[in-house]
J.: 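Next up is a structure, given as structure tokens.
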Amino acid sequence: MKRAMAGGQATQAWIYDDAEYLKRWPQMAAVGDALAHAKGLPVMSRATQLVEVFAEVMGEVLANGTDPATAIANAEDKFARLTRGDPLLK
């Protein structure tokens, strides 16, 4: 809590429900809501690269105004190469 109140990233979910925290950082209510609905990364050997490709997709959407479905479709090949044959994916 001390770290979060000072402006650092909250590391526990309950902090996003704390009235004192949300009074100081009201915009973090949206982050708490997003985390409550988020899914974790798949367990795979190339998870870091998966995040990098997803960041590229988000960059296309946010910086260039690309339609999200189009940006994902444009990255399908990259996603497929990362997941194809991964021994940790079942």
Side-chain angles (χ1 to χ4, degrees):
M1 175 59 102
K2 184 176 179 181
R3 173 189 166 151
M5 289 298 281
Q9 186 63 47
T11 58
Q12 296 181 0
W14 66 267
I15 295 173
Y16 294 100
D17 294 324
D18 184 85
E20 184 180 343
Y21 174 69
L22 292 175
K23 182 177 179 183
R24 182 171 183 136
W25 303 102
Q27 68 275 25
M28 296 308 283
V31 174
D33 186 54
L35 289 173
H37 296 92
K39 304 255 188 239
L41 288 173
V43 176
M44 59 183 282
S45 60
R46 298 180 197 108
T48 301
Q49 291 90 341
L50 186 73
V51 171
E52 291 169 356
V53 172
F54 187 71
E56 290 174 16
V57 168
M58 292 302 296
E60 282 294 316
V61 172
L62 297 173
N64 300 332
T66 304
D67 173 69
T70 301
I72 290 172
N74 292 344
E76 275 184 21
D77 230 23
K78 290 180 181 180
F79 286 125
R81 277 182 278 158
L82 292 174
T83 58
R84 191 178 306 118
D86 190 299
L88 298 178
L89 291 175
K90 303 220 185 247

J.: Could you give the distance from CG (L35) to CD1 (I15), rounded to the nearest 0.5 Å?
T.: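 These two atoms lie 11.5 Å from each other.
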J.: Report yes if some heavy atom in the side chain of R3 is under 4.5 Å from a heavy atom in the side chain of Q9; otherwise report no.
T.: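 Heavy-atom side-chain distance check passes, below 4.5 Å.
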J.: Please say which of T83, L50, D86 ends up in a side-chain contact (heavy atoms from CB on, under 4.5 Å) with P42.
T.: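 For P42, the side-chain contact (heavy atoms from CB on, under 4.5 Å) test succeeds with only one of T83, L50, D86, which is L50.
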J.: Mind checking the CZ-CZ spacing from R46 to R84? Nearest 0.5 Å is all I need.
T.: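 Atom-to-atom, R46:CZ and R84:CZ are 9.5 Å apart.
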J.: L88 and S45: which non-hydrogen atoms are nearest, and at how many Å?
T.: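 What the structure gives for the nearest pair is CD1-N, 3.5 Å.
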J.: Should Q27 and W25 count as side-chain neighbours, where that means a heavy-atom distance under 4.5 Å?
T.: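 Contact flag for Q27/W25 side chains = yes.
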J.: Side chains of Q49 and K78: closer than 4.5 Å at any heavy-atom pair?
T.: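 They are not in side-chain contact.
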J.: Just wondering, more than 12 heavy atoms not from F54 lying within 6.0 Å of its CZ?
T.: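 Not buried by this count: 12 neighbours or fewer within 6.0 Å.
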J.: Side chains of residues 59-67: which donor-acceptor pairs under 3.5 Å do they make with residues two or more places apart or in other chains?
T.:
residue: E60; atom: OE1; partner: N64; partner atom: ND2; Å: 3.3
residue: E60; atom: OE1; partner: T66; partner atom: OG1; Å: 3.3
residue: E60; atom: OE2; partner: N64; partner atom: ND2; Å: 3.2
residue: T66; atom: OG1; partner: E60; partner atom: O; Å: 3.3
residue: D67; atom: OD2; partner: A69; partner atom: N; Å: 3.2
residue: D67; atom: OD2; partner: T70; partner atom: N; Å: 3.2
residue: D67; atom: OD2; partner: T70; partner atom: OG1; Å: 3.4

J.: State, yes or no, whether a side-chain contact exists between D33 and Y16 at a heavy-atom distance under 4.5 Å.
T.: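 Sidechains of Y16 and D33: no contact.
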J.: Does R24 reach the main-chain N or O of M5 with its side chain, forming a donor-acceptor pair under 3.5 Å?
T.: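 Yes, the answer is positive, given that a donor and an acceptor are paired below the 3.5 Å cut-off.
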J.: For the residue pair L22 and D18, establish whether any side-chain heavy-atom pair is separated by less than 4.5 Å.
T.: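 When only atoms from C-beta onward are counted, D18 and L22 do not touch, as no gap falls below 4.5 Å.
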J.: With a 4.5 Å cut-off on side-chain heavy-atom distances among I, L, V, M, F, W and Y, is there a chain of contacts connecting V31 to V51?
T.: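 No, no single cluster joins them.
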